[in-house]
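What you see is a predicted model; the values in this text were computed from it and never measured. For this chain, numbers begin at 1 and follow the sequence in order. Just so you know, ligand 1 is whichever comes first in the structure, and atom 1 is the first atom listed for that ligand.
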Amino acid sequence: MRLLAVDVDGTLTEERGSYRLSMNAISAIRELESRGISVILATGNSYQIASALTRYLGASWPAIAENGCVLVDRGNVESLCSGRPPDALVESIKALGLSEGWQNPCRLHDLEFVSEDRSSLARAVPYVERAMAEVGWKGRIIVSGYALHTQPLGGGKGAALRKVALRMSVGVQELGAVGDSSGDVDLLLAAGFRAAVGDADLELRKIADYVASANAGEGFAEVARYVMRRISNTFADQVRAVHDPIAAVAL
Ligand SMILES: O=C(O)COP(=O)(O)O
Ligand SMILES: [Mg+2]
């Protein structure tokens, strides 16, 4: 594996709903990078947050932000979507009882909406779909464990990851993805190795090759250990094949 795309909230944090990064998740990123596996963030957060986290975590560039509507590579900000949800839709969503996320003023395309009761976010989807139809705007709705997002067509973490992997000449079999919510389904489907943290949404766990037993950031650290074990086993097999081809054939 050469590239691992990692969600942030609920995947690197101490628990779902928390914004504190798990210390073991941070160490795992450093360990993966030291073994030559580039770790890139793929998040619904703004490109400013994704960029700062990439820098201070020692992860690799580019970061995938705004659920795939923006790529940020050091100082270079690239839009993969165009436009923003119209104000009329924003007002309709607020009338449903959701509030605008604090990041919206600095977001380019994908807007976030939050609620005190996070379980109400998924229930709001059909009403937001109806509001989109009423204002005549076509876009996508993404629900993480933290917020409901509306974004123009052309985004998505999975599509962004495919673009990044193509530019880095990374094949699907060299590409992994780790997430926690239904907003990460397309991210995992774009990768050859698909992993979910233990408390991930069911629809993500169902498509994962590996589901951690631990939750959130501890789950990510467990996935990282699994990936590094797999790498070292493969390497040991290759070394054996060179030094002892007969034994290697028996493996
Ligand atoms: O922005 C969100 O809603 C959650 O962020 P995430 O995509 O890193 O989980
Ligand atoms: Mg998440």
With atoms numbered from 1 as shown, which atoms in ligand 1 lie under 4.0 angstrom from a non-hydrogen atom of [X]?
X      : answer
Asn45  : 1 (O), 5 (O), 8 (O)
His149 : 1 (O), 2 (C), 3 (O)
Asp7   : 6 (P), 7 (O), 8 (O), 9 (O)
Thr43  : 5 (O), 6 (P), 7 (O), 8 (O)
Ala147 : 3 (O)
Val8   : 8 (O)

I'd like to know if Met23 and Met228 are part of one continuous hydrophobic network [Ile/Leu/Val/Met/Phe/Trp/Tyr, side-chain heavy atoms within less than 4.5 Å].
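Yes; Met23 is reachable from Met228 via cluster members.
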
Is there a continuous path of hydrophobic side-chain contacts, each under 4.5 Å between heavy atoms, that joins Val172 to Met1?
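Looking at the clustering, Met1 is in a separate group from Val172.
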
Any N/O/S of Asp9 under 2.8 Å from the Mg ion (ligand 2)?
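True for Asp9.
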
Between Asp7, Asp199, Asp180, which is the residue that forms a salt bridge (Lys or Arg N to Asp or Glu O under 4.0 Å) with Arg16?
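Option passing the salt bridge (Lys or Arg N to Asp or Glu O under 4.0 Å) with Arg16: Asp180.
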
Is there a polar contact, in the sense of an N or O pair closer than 3.5 Å, between Ser144 and ligand 1?
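Yes, Ser144 has an N/O under 3.5 Å of an N/O on ligand 1.
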
Taking the six-membered ring of Phe193, is NZ or CZ of Arg230 closer than 6.0 Å to its centre and within 45° of its axis?
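Geometry flag: set, cation within 6.0 Å and 45°.
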
Asp7 atom (N/O/S) at minimal separation from the Mg ion (ligand 2)
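Going through the N, O and S atoms of Asp7 one by one, OD2 ends up nearest to the Mg ion (ligand 2).
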
